Amino acid sequence: IGIYGGSYGGFMTLMALFREPELFAAGAALRPVTDWAHYNHGYTSNILNTPEVDPEAYTRSSPIEFAAGLRRPLLIAHGMLDDNVFFQDSVRLVQRLIELKKDSFEIAMFPVEAHGFRDAVSWLDQYRRIFRLMEREVKHRPAAP
């Protein structure tokens, strides 16, 4: 099974790959929330309180805390001008994956794109990358015994 999604779907993709690494063959997280402590305070605090009041909720809900679970190929795609989920979120996750010595991930950065891509060539590039990942890791993956 391959999984991909953008924004909250990107968050769900990361949690799925990190928490259930044997269930998914590959995933693509597009503009993902990687750490709720760094996301929109007004939105997040209505759900999780604040990191000061309930740090455990943030720890249990943030993919960056589970990055050690990555076992399958991951594509992270993010626009550098994102004004909703900041590009820095993906950078922090990449740094964490490097620290964990993970080598099954790649990042595609889109220098002129915000949260919702506007340039057709960026959309095409992103979905070509997703397609190649799924072709390689899902479609052509040998069946489990």
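Computed from a predicted structure; not experimentally measured.
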pair Arg19-Leu14: side-chain heavy atoms closer than 4.5 Å: no
Side chain to side chain contact (heavy atoms under 4.5 Å, CB included) partners of Ala16, counting only residues at least two apart: Ile3, Phe24
Heavy-atom closest contact (Gly69 atom, Pro21 atom, distance): O-CB, 3.3 Å
CZ-OH distance between Arg129 and Tyr4, expressed to the nearest 0.5 angstrom: 16.0 Å
Glu113 side chain reached by Asp119 side chain, heavy atoms, under 4.5 Å: yes
Cluster link Leu74 to Ile1, ILVMFWY, side chain under 4.5 Å: yes
Closest heavy-atom pair and its distance - Thr13, Ala29: CG2-N, 4.1 Å
Geometric class of the Tyr127/Trp123 ring pair [parallel <30°, tilted 30-60°, perpendicular >60°]: parallel
Joint hydrophobic cluster, Phe117 plus Val112, side-chain heavy atoms closer than 4.5 Å: no
For the student: nearest non-hydrogen atoms of Pro73 and Leu17, plus distance: O-CD1, 4.2 Å
Asp125 and Phe110: CA distance, side-chain angles, deciding distance, side-chain contact (heavy atoms from CB on, under 4.5 Å) verdict: CA-CA 9 Å; Asp125 182 83; Phe110 296 86; 3.2 Å; yes
Residue list, salt bridge (charged side-chain N to carboxylate O under 4.0 Å, His left out) with Lys139, at least two apart or on another chain: Glu135
ILVMFWY cluster, Leu75 and Phe87 together (side-chain gap under 4.5 Å): no
Ionic contact status for Arg72 with Glu22, cut-off 4.0 Å: yes
Shortest non-hydrogen separation from Pro32 to Asp89 and the atoms involved: O-OD2, 4.0 Å
Check: Leu133 and Arg136 side chains under 4.5 Å, non-hydrogen atoms: yes
For Ala67, all residues meeting side chain to side chain contact (heavy atoms under 4.5 Å, CB included), sequence neighbours excluded: Phe18, Leu93, Arg96, Leu97, Leu100
Flag if over 12 foreign heavy atoms under 6.0 Å of CZ, Phe105: yes
Hphob cluster co-occupancy, Val91 + Leu81, side-chain heavy atoms under 4.5 angstrom: no
Arg128, CZ atom: more than 12 neighbouring heavy atoms under 6.0 Å: no
From Gln88 atom CD to Asp35 atom CG, the distance as rounded to the nearest 0.5 Å: 10.5 Å
Side chain to side chain, Ser7 and Val85, heavy atoms closer than 4.5 Å: yes
From CE (Met109) to CE (Met80), nearest 0.5 Å: 6.0 Å
Same apolar cluster (I L V M F W Y, side chains within < 4.5 Å links), Ile98/Ile107: yes
Student check: side-chain heavy atoms of Leu70 and Ser104 closer than 4.5 Å: yes
Leu30 side chain near His78 side chain, heavy-atom distance below 4.5 Å: no
Any donor-acceptor pair under 3.5 Å from Thr34 side chain to Ile64 backbone: no
